[in-house]
Amino acid sequence: MSKLFDFSSLAMIPTAYKDGKLYSVRPVEQLGSELVTNGDFSSASDWTITNNTGASTQITGGYLQITTNGAFTTATQSGVAQIGTRYKLRYEVIATDGGQLGIEIGGSTSLIPSTIGIHTFYYTSNATSLTLKRYNGALDIKIDNVSVKEVLVENGDFTFSRGSNLAATRVDVNGLIEKGRENLLLQSNQFDTTWGKPNSTLTQGFSGYDGSNNAWKWASTAAGTAQLSQGTSGVSGMRTLSIYAKAGSRDVFSIWVGTGIDYNLTTGQTAGHANASMESVGNGWWRCSYFNDYGTLNPYYGASSAGEFIYIMNAQAEQGLVATDYIETGASTAQSGILEDLPRLDYSGGASCPSLLLEPQRSNLVTQSEYFGASQWTYYSSTISSNDSTSPDGLENATRWTSTAAGTFLTTSLFISDPSSFSVFVKYVDYPYILLYSGASGGFSVAFDIENNIIGTSGYNTSNEKIESYGDGWYRISCTFANASAGSSARIGFARALTSTWGDLNTSGGGEVLIYGAQLEAGSYPTSYIPTMGSAVTRSYDSCNLLDLVSKDIITSSTEWTIMFDVKGHSEDFDSGDSQFYAGQNSTIDLYMRSNHTSGKFARFYWRKDSKYIGSAFGKKVIARLSGGIGTTFADGVLNGSSSINGNYDLIGFAKSANTSTSGFINQILIFPTALTDSECIALTTI
């Protein structure tokens with residue numbers, strides 16, 4: 001089998017990703033020589049600058065600065081390209097006001113990334129020049145290290161998109177739930193720029209908690225209140241705001257969140273708000289934070305005279321209940337973690353090797369999935385304590401739920417549709433039985449023993465009942481329900497026993513559990529966790545693409561090739577699903593791979609001609625082979641059958657389709673430029 005692997009023209013084995021691409025094995029990108037001269041802008045030469053009234057684009061200080069109030073402005077270098085040839089543009093944005101940058105390709109302009117950082121852009125030129133320009137509106141952007149090289153051989157890496165930076169999660173190599181993160185503040189450690197700073201003098205260059213000299217001395221200019229402020233415009237919901245601080249001539253400062261919170265930089269104590277906290281990070285430095293739906297970071301202190309000061313650095317505002325690792329920002333926000341263009345290499349179930357997680361579009365209708373003290377949640381015969389313990393994402397943002405009397409339950413104001421799936425993460429403390437149920441008699445219910453990892457046998461109107469381990473005693477309990485009564489709401493309760501049915505709650509007070517990450521989603525099975533912090537959140541479907549296989553030399557003949565999928569199902573209980581991937585299309589024939597569940601099988605290849613099925617294969621390892629006009633399918637070591645395929649089949653693209661029906665884990669994809677033999681196909685698909 002390893003010998004067969006060597007013959008493949010492309011292999012996708014989920015192990016690593018970078019810059020929105022999942023690495024594949026063969027082909028490797030090959031580029032021509034550098035075509036741009038003076039791409040580092042070391043001199044004001046080789047580029048033609050065109051400015052209209054109000055624009056002042058120029059080469060200065062070793063970079064290209066495009067400055068405009070909306071007027072026409074361009075920077076052009078001639079003789080860079082040939083018409084009809086494919087190129088890779090690489091450039092670095094070193095400063096920006098958030099405007100949009102474009103590249104002109106033969107009279108038309110395409111939008112290219114303009115955030116701070118190094119970017120690449122592939123294009124087929126229909127002009128002989130390279131032109132960078134304002135895309136629309138005002139723009140002040142600094143660009144450096146521009147490079148253009150001809151693409152001799154394109155890589156075979158898969159590109160991804162999902163449409164939202166903070167909606168998707170995965171289980172990482174440490175077994176923890178990983179989210180996307182974003183620092184919503186601008187100039188997070190440049191307090192002398194866009195921050196409001198009345199009665200303040202700010203001087204950088206002091207020793208920080210991280211060993212750098214990037215800390216700031218924040219001094220008052222007169223007796224009275226020295227203040228800093230910055231809001232997080234356009235973002236609502238629960239946020240955590242934080243700033244690192246160290247005592248100077250003063251050792252107490254405050255943050256205003258509709259009320260004042262005091263932080264004592266000597267004793268490490270807070271006063272004024274239950275959601276405030278301080279963490280010592282060494283050498284007298286503290287990370288001071290709070291969580292609230294108040295959207296402005298507003299630190300201040302009252303000085304008795306001019307010159308009083310404290311030290312500060314590295315401010316952050318982020319969605320969530322706790323402060324996470326600091327993310328530096330400049331003129332725009334910055335992100336980290338699982339973002340919209342990254343594949344989700346998932347280690348669920350303690351896997352030592354990851355699988356590629358691909359899911360349909362889903363919405364978490366619970367608007368506060370982690371903050372059970374929010375108004376959406378109502379708790380009966382119980383108390384809750386936020387940020388009490390470590391959750392499945394490794395942060396101290398789990399909630400302790402304590403029963404105080406009989407009839408303990410939590411309820412949302414959400415109405416249930418059919419079918420829907422409900423899930424929550426739970427951890428045993430000293431009470432074992434948890435009930436998922438509806439708020440109207442005759443709805444759904446199922447009990448779980450979270451101490452001994454057991455599902456109750458008396459589920460009513462439920463299916464897909466699951467209890468899944470997430471390590472450290474955490475389980476995700478879930479079920480899918482139908483026939484829920486009109487107007488019924490999703491509830492979590494302390495069950496009387498494992499055999500409890502609808503509304504059969506604890507008969508006396510006492511006992512605790514930890515809870516985290518509630519999710520209610522329309523669909524016949526639960527999908528991966530979608531965090532919410534104040535409103536429902538939609539995670540778009542995972543779009544996985546590898547287009548134009550012929551031009552990439554992955555497929556060298558339109559009459560012979562072989563493609564294999566090794567699939568691990570996301571759910572043992574898929575409905576019959578729609579297409580998960582398509583591999584090429586022409587006017588009469590399609591080849592699809594579906595991910596669904598039939599008698600323990602998870603993947604299906606089928607040929608389609610004129611909207612009719614003419615051959616298929618079900619299995620965990622499946623192959624489709626084209627040779628001499630015959631399409632053949634193999635599954636789990638067995639030849640399923642062959643069908644006549646009229647005409648050539650070019651396999652011009654490979655992508656996940658935009659369906660909303662199925663999920664799947666992809667372990668491996670192999671594409672061969674030739675037709676493998678029957679014995680080779682059987683060897684590749686044998687489990």
Side-chain angles (χ1 to χ4, degrees), residues 183-233 239-318 321-323 326-330 387:
N183 188 349
L184 301 167
L185 296 176
L186 307 181
Q187 305 292 356
S188 60
N189 195 44
Q190 205 65 42
F191 299 104
D192 60 348
T193 54
T194 57
W195 289 77
K197 40 189 177 294
N199 299 327
S200 300
T201 296
L202 291 141
T203 308
Q204 193 176 27
F206 294 86
S207 177
Y209 70 91
D210 56 357
S212 70
N213 291 317
N214 293 330
W216 294 75
K217 181 181 179 180
W218 175 21
S220 61
T221 57
T225 301
Q227 184 177 354
L228 291 171
S229 65
Q230 184 181 153
T232 53
S233 61
R239 281 152 290 182
T240 293
L241 285 83
S242 61
I243 188 169
Y244 290 85
K246 179 180 179 178
S249 62
R250 293 189 60 87
D251 62 0
V252 176
F253 82 106
S254 303
I255 298 178
W256 181 259
V257 289
T259 185
I261 306 172
D262 295 332
Y263 295 88
N264 190 307
L265 301 174
T266 299
T267 66
Q269 295 179 326
T270 67
H273 203 293
N275 295 344
S277 63
M278 297 179 68
E279 178 190 3
S280 174
V281 293
N283 197 29
W285 281 92
W286 299 85
R287 193 177 196 185
C288 305
S289 64
Y290 71 92
F291 72 90
N292 204 296
D293 57 3
Y294 193 86
T296 299
L297 179 58
N298 194 345
Y300 65 94
Y301 63 88
S304 57
S305 61
E308 294 184 354
F309 67 93
I310 63 173
Y311 299 101
I312 58 171
M313 66 185 299
N314 292 0
Q316 183 154 294
E318 57 192 304
L321 305 184
V322 292
Y326 170 68
I327 304 171
E328 185 87 18
T329 70
N387 292 357

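- With hydrogens and angles left out, the side-chain atoms of Thr201 and Thr221 include no donor and acceptor closer than 3.5 Å.
- Among all heavy-atom pairs drawn from Asn213 and Ser207, the shortest one is OD1-CA, 3.8 Å.
- For the pair Leu297/Trp195, a side-chain contact is recorded, criterion being any heavy-atom separation below 4.5 Å from C-beta on.
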Quick one, Asp210 with Met313, criterion side chain to side chain contact (heavy atoms under 4.5 Å, CB included). Give me CA distance, side-chain angles, the key distance, then yes/no. CA-CA 10 Å; Asp210 56 357; Met313 66 185 299; 3.7 Å; yes
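- Here the shortest heavy-atom pairing between Ala303 and Ser220 reads CB-OG, 3.3 Å.
- The closest side-chain heavy-atom distance from Asn387 to Val322 is below 4.5 Å.
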With side chain to side chain contact (heavy atoms under 4.5 Å, CB included) as the criterion, how do Leu186 and Gln230 come out once you've worked through the C-alpha distance, each side chain's angles and the decisive distance to 0.1 Å? CA-CA 8 Å; Leu186 307 181; Gln230 184 181 153; 3.6 Å; yes
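- Under the 30°/60° scheme for interplanar angles, the aromatic rings of Trp285 and Tyr311 are found to be tilted.
- Heavy-atom minimum distance, Thr259 versus Gly272: CG2-O, 3.9 Å.
- Contact annotation: the side chain of Thr240 never approaches that of Tyr290 to less than 4.5 Å [non-hydrogen atoms, C-beta and beyond].
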Begin with the C-alpha distance, continue with both residues' side-chain angles, and end with the deciding distance and a verdict on side chain to side chain contact (heavy atoms under 4.5 Å, CB included) for Val281 and Trp286. CA-CA 6 Å; Val281 293; Trp286 299 85; 5.9 Å; no
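- Between Tyr263 and the choices Asp251, Ile255, Ile243, the side chain to side chain contact (heavy atoms under 4.5 Å, CB included) rule is met once, by Ile255.
- Taking each heavy atom of Ala247 and Leu265 in turn, the nearest pair found is N-CD1, 3.6 Å.
- The minimum heavy-atom distance between Met278 and Cys288, with the atom names listed, is CE-SG, 4.0 Å.
- A salt bridge is absent between Arg287 and Glu279: the closest approach of a Lys/Arg side-chain nitrogen to an acidic carboxylate oxygen does not fall below 4.0 angstrom.
- The closest side-chain heavy-atom distance from Asn214 to Phe206 is not below 4.5 Å.
- A cation-pi arrangement is found for Lys217 relative to Phe309, the charged atom lying closer than 6.0 Å to the ring centre and inside a 45° cone about the ring normal.
- With 3.5 Å as the limit, one finds a donor-acceptor pair spanning the side chains of Tyr209 and Asn314.
- Closest of all the heavy-atom pairs between Ala215 and Gly208 is CB-CA, 3.9 Å.
- By the 4.5 Å heavy-atom criterion applied to side chains, Gln204 and Asn189 are counted as neighbours.
- For the pair Ile261 and Asn275, the minimum side-chain heavy-atom distance is 4.5 Å or more.
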Under the side chain to side chain contact (heavy atoms under 4.5 Å, CB included) criterion, do Asn292 and His273 qualify, and how do the steps go? CA-CA 10 Å; Asn292 204 296; His273 203 293; 3.0 Å; yes
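- A 4.5 Å side-chain heavy-atom check between Trp256 and Tyr294 finds at least one atom pair inside the cut-off.
- Of the residues Asn298, Thr270, Asp262, the one that meets the side-chain hydrogen bond (donor to acceptor under 3.5 Å, both in side chains) test with Ser254 is Asp262.
- Side-chain atoms of Thr329 and Gln190, non-hydrogen and from C-beta on, never get closer than 4.5 Å to each other.
- Taking the six-membered ring where the residue is Trp, Tyr301 and Trp218 present perpendicular rings, their angle passing 60° and hence far from 30°.
- No donor-acceptor contact under 3.5 angstrom links the side chains of Tyr300 and Ser229, judged on distance only.
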